[in-house]
Amino acid sequence: MRIPATIFPGSISQNWKQWIKESTLQGQWQEVLSLYYEIRRIGIPILDPSLFPSVLKCCTNLNNFKYGTSVHSCIIKHGFESFSSVGNSTMDFYIKSGFMNYGLTVFNLMENKDSVTWNVVIHGCFDKKSSSKYEGLKFFKQAKAEGFKPNISTLVLILQALRDFSDTNLGFCFHGFLIRSGFLDVVSVQNSLMSLYVEYGEMVCAKMLFDEMSDRDCITWSAMIGGFVKAGDGYFSLQLFREMFGVEEVEPDELTVVSIFKACSQEKDIDIGKLVHCYAVKRGFNVDVYVGNSLVDMYSKCSHANLAFEVFKEMPERNIVSWNSILSGLVHNELYAKALTLFGSMQKEGVEADEVTLVNLLQSCKHLVDIGKCKSIHSRVIRMGFEFNELVVNSLIDAYAKCDLVELGQKLFNGMERRDMVSWSTMITAFSNAGKTDEALNLFREMVLVKEKFNSVTILSLLEVCAVSAELKRCKWAHGLAIRSGFASEVAVATALLDMYSKCGEIDLSRRVFDKTPNRNVVSWSAMIGAYGMNGRARDALDLFSEMEIYGLKPNAVTILCLLSACSHGGLVEEGKSLFNRLISSDHGFEPNSAHYSCMVDMLGRAGIIESAMDTIKKMPQRFKDGASIWGALLSACRNSSNSKVAEGAISKVLELEPMGSAGYLLGSSMYAANGLWKEAANMRRLVKEKGVKVVSGYSLIHVDSKACRFVARDGYHEKAQQIYSMVEELHGCMRMKEGRNDLFN
DNA sequence: TTAGGGTTAG
């Protein structure tokens with residue numbers, strides 16, 4: 001290091017001080033420190049404190065904590081610590097080096113605190129890494145009392161920090177302070193306040209602030225658009241975006257289009273998405289990794305997996321979020337095996353997986369119902385040290401449950417150090433899906449007992465559990481709980497409620513829930529139509545559908561399936577047929593799928609019109625002819641009408657298309673038995689055993705006190721089985737006697 | 001001392 005020639009002997013020249021200041025501003029920190037080192041080495045006396053702020057700043061930026069402390073001791077030795085500029089810099093150095101406590105010691109010892117002092121300490125408290133945000137608020141209050149004038153950056157930081165507090169009142173109070181102090185005219189403060197309201201979910205306040213603003217910049221618009229996207233109102237954010245285009249002074253940037261892509265995926269509006277994609281390319285935004293990631297996500301969520309992959313391939317820069325986005329996109333589009341393959345490429349490129357990657361992989365395994373792959377990901381989870389990560393473990397529990405390994409899921413759940421709302425909900429759903437209703441309910445009770453909060457998803461699981469157990473008392477309890485917790489007014493919950501009651505046979509209660517549901521959607525209507533169908537009230541189902549059409553609501557595939565099923569079970573063959581024909585020919589845009597055709601075949605079969613059923617199969621599109629359910633429906637029709645000729649063909653079709661499903665064998669066996677073909681019937685049952693086909697048997701539920709007892713035909717698992725069977729015998733005897741007596745009278 | 005809005009997941 002060469003010392004500038006213009007140095008006065010014995011002291012530091014003015015030029016030299018200037019050089020230090022400028023070099024610090026230019027980021028030549030090492031050079032400044034070397035010069036300071038020379039000054040100290042030669043022993044040039046330091047007569048004023050003006051060089052210390054620069055030197056300390058260099059130490060901070062170079063992470064040279066040790067040297068900084070020696071500078072601090074030099075400051076003390078010279079008696080310069082009483083200068084507020086030096087004290088402020090020392091404090092800043094300690095705080096930025098991660099030693100908040102040392103910074104606070106300097107702060108407490110300072111005699112001359114100025115506005116900068118307060119700003120520095122408050123900044124320190126609100127640093128992203130800092131954990132003393134609450135302290136920061138206290139300092140702010142104290143500073144205000146001492147007449148301190150905050151600067152814009154401090155105010156912005158406070159507004160950011162307030163997001164971490166759940167107390168919305170703090171935000172409202174601060175808003176008041178900003179008005180009183182006249183700072184609310186500054187755009188960056190307004191933007192930060194608006195974002196705070198967005199974070200609180202107070203969209204009305206955010207929008208009011210937005211409307212009142214006279215100068216809106218790109219950030220204002222983006223924050224507002226992003227806010228509505230976050231609140232789930234993609235439609236309105238797209239409207240705002242159109243409005244923004246009309247304002248000449250502002251132009252959307254990378255951050256704006258990211259929010260717009262998210263809005264498009266929410267609204268499934270691929271047309272606007274493509275348009276904005278073109279705009280982004282024209283403006284050169286597509287090189288931004290955030291923009292690329294959002295595009296991948298948008299195309300995936302709009303079911304355009306190919307386009308998502310194209311964008312992903314063309315991205316100039318990819319990060320872990322890019323990989324996770326495409327993986328989740330593939331999962332979203334049911335391309336599970338492809339997701340697993342792509343993970344292989346990700347590894348080849350040396351990109352390290354994170355928790356989100358693991359969750360995506362587990363999702364794939366779950367849908368593939370592949371126990372081996374689940375276990376292999378599980379071992380990877382352990383190797384990567386994610387064994388105690390709630391997000392990952394929750395997904396593992398879910399995946400194992402879907403693979404029928406509820407016990408393994410339960411083991412993981414029990415071993416969790418920390419469980420969150422999702423852990424509990426996942427486990428409850430797992431029990432529910434496995435038919436373990438008592439376990440599910442007990443777990444929910446435990447969840448309440450340990451004071452874990454629950455959300456509408458938990459309530460949905462709970463309602464499903466109650467629906468499966470079909471016990472009215474339980475259902476009413478769950479309904480009460482849904483009301484008390486404030487979730488009953490949500491459409492999804494209300495729909496689950498009506499479904500639950502219908503499964504208990506309490507169709508009038510279902511209707512009462514339906515009538516009270518606000519913002520009913522196509523799912524609610526379909527559920528109610530389905531409920532009528534399930535309870536044999538086909539006429540009511542058809543009437544409700546007419547009402548739905550009057551409301552102008554478009555039925556979806558499920559609505560129509562529910563209607564056809566209602567007609568099928570209610571024996572309204574003509575009505576079902578005419579409805580089906582009307583929907584195909586009208587401008588509903590309805591294209592029947594294989595389930596609809598199966599339902600039609602089932603309906604005609606139940607009515608004993610096997611020829612028409614066969615005709616339907618002949619006429620339907622070729623691609624549906626290989627669906628096992630179609631032939632299954634025909635087969636059950638044959639069984640009911642003992643049409644063995646058609647049955648033979650149907651049996652072989654079902655067994656060919658679904659060799660591991662139990663339906664074909666069981667229907668076949670019972671049909672042969674009904675026709676006295678005992679050998680063939682036995683053969684069917686032998687095949688079931690030989691092939692290891694899993695038989696799902698029907699069961700009855702009896703509630704004794706608060707316990708549900710499950711009975712499968714001829715099982716002896718109940719502890720009082722013997723007594724039960726002897727009672728059944730006795731009852732049979734009574735019935736025989738009654739029959740006999742009837743005979744006598746007839 | 002120095003500031004405001006963005007992407008993936010159960």
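Values in this document were obtained by computation on a predicted structure and should not be read as measured data. Chain naming here is simple, since letters A, B, ... match the order of the sequence lines and numbering starts at 1 in each.
Geometrically, A/Arg318 engages A/Phe312 in a cation-pi contact, judged by NZ or CZ lying under 6.0 Å from the ring centre and within 45° of the ring axis. Cation-pi contact between A/Lys338 and A/Phe309: present, with separation from the ring centre below 6.0 Å and deviation from the ring axis of at most 45°.
In terms of polar N and O atoms assigned as donor or acceptor, the side chain of A/Ser222 comes within less than 3.5 Å of the base of B/dG5 in a complementary pairing. Taking only distance into account, the side chain of A/Asp253 meets the base of B/dG5 through a donor-acceptor pair shorter than 3.5 Å.
One interatomic measurement links the two molecules: CG of A/Asp354 to C1' of B/dT7, which rounds to 13 Å at whole-angstrom precision. The nearest whole Å value for the distance from the CG atom in A/Asp288 to the P atom in B/dT8 is 14 Å. Rounded to an integer number of Å, the gap from CD1 of A/Ile122 to P of B/dT1 is 16 Å. Here the P atom of nucleotide B/dG6 and the CH2 atom of A/Trp221 are 17 Å apart, to the nearest Å. We find that OH of A/Tyr197 is positioned 16 Å from P of B/dG5, with the value rounded to whole Å. The distance from atom CE of A/Met298 to atom C1' of B/dG6 is 15 Å, rounded to the nearest whole Å. Between A/Met100 atom CE and B/dT1 atom C1' there is a gap of 13 Å when expressed in whole angstrom units. In this entry the distance linking CG of A/Leu391 with P of B/dG10 reads 8 Å, nearest Å.
An OP1 or OP2 oxygen of B/dG4 is reached within less than 4.0 angstrom by a side-chain nitrogen or oxygen of A/Gln160. The shortest distance between the side-chain N/O atoms of A/Lys301 and the OP1/OP2 oxygens of B/dT7 is not below 4.0 Å.
Set against B/dG10, B/dG5, B/dG4, the side chain of A/Val156 has B/dG4 as its closest nucleotide. Comparing B/dG10, B/dG4, B/dT7 by their closest approach to the side chain of A/Lys262 singles out B/dT7. With B/dG4, B/dG6, B/dT2 as the choices, the nucleotide that has an atom nearest any side-chain atom of A/Asn191 turns out to be B/dG4. Of all nucleotides listed (B/dG10, B/dG4, B/dA9), B/dG10 comes nearest to the side chain of A/Asn394. Checked against B/dG10, B/dG4, B/dG6, the side chain of A/Glu390 finds its nearest nucleotide in B/dG10. Nearest nucleotide to the A/Ser328 side chain, out of B/dT8, B/dT1, B/dG5: B/dT8. Side chain of A/Ala223, nearest nucleotide from B/dA3, B/dT7, B/dG5: B/dG5. Nearest to the side-chain atoms of A/Asp420 among the listed nucleotides B/dT1, B/dG4, B/dG10 stands B/dG10. Comparing B/dT7, B/dG6, B/dT1 against the side chain of A/Lys230 picks out B/dG6 as the nearest. With B/dA3, B/dT7, B/dG4 as the candidates, the nucleotide lying closest to the side chain of A/Ser153 is B/dA3.
For the residue pair A/Phe413 and A/Arg419, the shortest heavy atom distance occurs at O-NE, 3.0 Å. The heavy-atom pair separating A/Ser364 from A/Ala339 by the smallest distance is OG-CB, 3.6 Å. Closest approach of A/Tyr94 and A/Gly103 over heavy atoms only: CB-N, 3.6 Å.
Within 4.0 Å of A/Val291, counting heavy atoms only, lies at least one base atom of the nucleic acid. Contact annotation for A/Val356: base contact, defined as any heavy-atom pair under 4.0 Å involving a base atom. Among the atoms of the strands shown, base atoms are found under 4.0 Å from some heavy atom of A/Val187. Across all strands, A/Asp297 comes closer than 4.0 Å only to sugar-phosphate atoms, never to a base (heavy-atom distances). Counting non-hydrogen atoms under 4.0 angstrom, A/Arg163 reaches the backbone sugars and phosphates but no base. Counting any heavy atom pair closer than 4.0 Å across all strands shown, A/Asn88 reaches no nucleic acid atom. In this structure, A/Thr357 reaches neither bases nor backbone, as no heavy-atom distance under 4.0 Å exists between it and the strands shown. No contact: A/Gln190 has no heavy atom under 4.0 Å from any strand.
Note: A/Phe172 and A/Tyr197 have tilted aromatic rings, judged against thresholds of 30 and 60 degrees for the angle between ring planes.
A side-chain donor from one of A/Thr220 and A/Asp217 sits under 3.5 Å from a side-chain acceptor of the other.
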Kindly list each side-chain donor-acceptor pair under 3.5 angstrom involving residues 354-361 of chain A, sequence neighbours excluded, with atom names and distances?
from, atom 1, to, atom 2, distance (Å)
A/Asp354, OD1, A/Asn324, ND2, 3.1
A/Asp354, OD1, A/Val356, N, 3.0
A/Asp354, OD1, A/Thr357, N, 3.1
A/Asp354, OD1, A/Thr357, OG1, 2.8
A/Glu355, OE1, A/Asn389, ND2, 2.6
A/Thr357, OG1, A/Asn324, OD1, 2.7
A/Thr357, OG1, A/Asp354, N, 2.9
A/Thr357, OG1, A/Asp354, O, 3.4
A/Asn360, ND2, A/Asn324, O, 3.2
A/Asn360, ND2, A/Val356, O, 3.3

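Residues from residues 314-326 of chain A lying near DNA chain B, meaning a heavy-atom separation below 4.0 Å, are A/Val321, A/Asn324, A/Ser325 in numerical order.
Centroid-to-centroid, the aromatic rings of A/His277 and A/Tyr299 come within less than 6.0 Å.
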